[in-house]
Amino acid sequence: MTDDVRVRYAPSPTGYLHIGNARTALFNWLFARHYNGTFIIRIEDTDANRNIANGEQSQLENLAWLGLDWDESPDKGGEFGPYRQSERNADGIYQAYIDDLLKKGLAYKSYKTSEELAQEREAQQAAKQAPHYVYEYEGLSDSQREAKYAEFEAQGLKPVVRFRVPEDKVYAWDDIVKGHIEIGAKEVGGDWVIQKADGMPTYNFAVVVDDHLMKITHVLRGDDHVSNTPKQMMIYEALGWSVPAFGHMALIINAATGKKLSKRDNDVLQFVEQYRELGYQPQAMDNFIGLLGWSPKGEDEIFSLDQFIQMFDEKRLTKANAKFDQKKLEWINNQWMRRDKEKVMPQLIQELVNAGLITAEQAQTQKDWLANVIEVAGVDGISYTRQIVDLVREPFFELGEISDEMLSYLTSEDGRKVYQAWYKAYQALPVDANAEQYMATIRSIQNELEIKGRNLWNPIRIATTHQIQGPNLPEMLVLLDKNKVLATMDAVAKKYLS
RNA sequence: GGCCCCAUGGUCAAGUGGUUAAGACGUCGCGUUCUCAGCGCGGAAUCGAGGGUUCGACUCCCUCUGGGGCUACCA
């Protein structure tokens, strides 16, 4: 496995980068990088109806965001291009092989309409048979079949090309993750379409032609492709090509439904882009995804891409499906944000701009103060950057309402005494007092009035911040503007204590 | 229905015949503390079930059960 490893990630641009696809991409990339191989991106856009406008660009962009790079692709080119199947089709690449199969009698043109096919299928189901394509030229000679073609063409029918499945064969391979698998040819459901009526090759055909032409050595893909493998092996065989190694990775499961994570599941955020917008770090996404269906040797959980490359071992891929655990992702992201705090701080500040708490200019001029606010507000407890907004909003940018519960602390006998003492002491403190000084002041009030605990702290906390709970009060006081705090306290007194 | 795959705590999982069955997330409890966050400590699984094989099975075999995938002129 040391020389000339060539693997590919082959998305179809029918949507944005999905977690499941990202994982396929990541593992292929790790495989390539670990073995000093080549990582190729090929766009499988043979279904014109399903392609979306900037699907391809978005996929590549998000892949790059995740820190993956590639050696051959539509945008970078390469020795085996083009790397878009639509272009390869336009170049006649698939047609040549289809003609070859047609000529050898290994494939044939079929003119059945979708109505006929549906009827066929229904009848089989009614008879409790497995849906199975019925070959329509049974017993006919080549020339008789050609005559039929002409007849259908005259009716204006468009053919598809079907591969003549050798039903007596059994296809077997040693799967990189699952071990030995064999599937009988008769299980694929009969002769299947390799070229659609619009002239495009189907996935199972194009993939073989491209993987062969691009000299792909290892195909790592989702479990959902297991049943495609015999179809593809038939094509390799018919064309006289050798088969690459296959590895079918377990699927990522939606924890709520228990089913394969699908683009249509709206209860889970599952596009890389969505996490990116919330402020998840790419390293965290890689870290989390890299641990879904794969495990390292030791006990650590936090890894960089470089470490993953180093440790990668395809033998440690899990066979069982894995549920998508959002909580763990959040924890991993928290770990990465704390680890890369310097790098994340600008993103955190930007969140405040986006939320309208500060202007872009303030983000620059008050950078240091903002960093302190973010730190004191408890950035170490958040899961993604967007969450910082609600943490800092009060009391640093807005003041909340004073609830009845708060009021009871404030207006109690002790509360009033504490307020008086605190107000006086606070006023006397220097503008640039530090946290220790605030702490010492509060302690001395405690000694003086013999009031402690919540009855001591809550009146002060509430009068200065309108909050009953929050970060360490002395540290907050350091960051709050003294005049504003005095004004806040005055207003509180006027409204509730007079 | 058919074919294929899978099965260790709520979740991710280590473990490849003899282990006190790792670790992490989450959760619960305790501590630190005015509170929140953080941090520290601690609790909770006998390995889906039943049969074998073996001196001995979570580890091997069989059956069952459960879960998943596929079954398109989608990829």
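Per chain, numbering begins at 1; letters A, B, ... match sequence-line order. What's counted below: heavy atoms across the whole structure, side chains too, no hydrogens, waters or symmetry copies.
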Take A/Lys178 and A/Asp224, find for each the nucleotide of RNA chain B with the closest heavy atom, and name the residue whose nucleotide sits nearer the 5' end.
A/Lys178

Under a 3.5 Å limit on both distances, the Watson-Crick or wobble mate of B/G66 is B/C6

Let's test this: given Watson-Crick or G-U wobble pairing with both distances under 3.5 Å, identify the partner of B/C39.
B/G31

Looking only at B/G69, B/C12, B/C34, the nucleotide nearest the A/Lys259 side chain is B/G69

Select one nucleotide: of B/C73, B/C34, B/C12, the one nearest the side-chain heavy atoms of A/Asn458.
B/C34

Indicate, with a heavy-atom threshold strictly under 4.0 Å, whether A/Lys263 touches base, sugar-phosphate, or nothing.
nothing

Can you tell which of B/C74, B/A13, B/G15 lies closest to the side chain of A/Arg50?
B/C74

According to a strict under-4.0 Å criterion, is A/Lys319 in side-chain N/O contact with OP1 or OP2 of B/C5?
no

Measure from the ring centre of A/Trp457 to the centre of the six-membered ring in the base of B/C34, then say whether that distance is under 5.5 Å and the planes meet at under 30°.
yes

Side chain of A/Arg454, heavy atoms from C-beta onward: which of B/C4, B/G26, B/C34 has the nearest atom to it?
B/C34

Is it the case that B/A37 (base atoms only) and A/Asn472 (side chain only) share a donor and an acceptor within less than 3.5 Å, ignoring hydrogens and angles?
no

First of A/Arg338 and A/Glu44 reached from the 5' end of RNA chain B, by closest nucleotide:
A/Arg338

Can you see if the side chain of A/Lys260 gets near the phosphate of B/G68 - specifically, an N or O under 4.0 Å from OP1 or OP2?
no

Measure the shortest side-chain to side-chain distance between A/Val379 and A/Gln387 over non-hydrogen atoms and say whether it is less than 4.5 angstrom.
no

Of the candidate nucleotides B/G68, B/A72, B/G10, which contains the atom at the shortest distance from the side chain of A/Asp325?
B/G10

From the options B/C34, B/C25, B/C5, select the nucleotide whose nearest atom is closest to the side chain of A/Ile181.
B/C5

Measure up the A/Tyr108 and A/Tyr137 rings against each other and bin them: parallel (under 30°), tilted (30 to 60°), perpendicular (over 60°).
perpendicular

Which nucleotide wins on minimum distance to the side chain of A/Lys196, given the candidates B/A14, B/G26, B/C73?
B/C73

Aro-ring/base stack A/His225-B/A75, d under 5.5 Å, angle under 30°:
yes

I want to verify a distance call: between B/A24, B/C5, B/C70, whose nearest atom is closest to the A/Asp223 side chain?
B/C5

Say you draw a straight line from CG of A/Leu17 to CZ of A/Phe271; how long is it, rounded to the nearest 0.5 Å?
9.0 Å

Is a salt bridge present between A/Lys259 and A/Asp265, judged by a nitrogen-to-oxygen distance below 4.0 Å?
no

Looking only at the side chain of A/Val160 (C-beta and beyond, no hydrogens), which of the listed nucleotides B/C73, B/A24, B/U35 gets closest?
B/C73

Side chain of A/Leu251 only, please: which of B/A75, B/C73, B/G69 is the nearest?
B/G69

Identified side-chain hydrogen bond (donor to acceptor under 3.5 Å, both in side chains) partner of A/Tyr171 from the options A/Lys231, A/Gln232, A/Glu237, A/Glu187:
A/Glu237

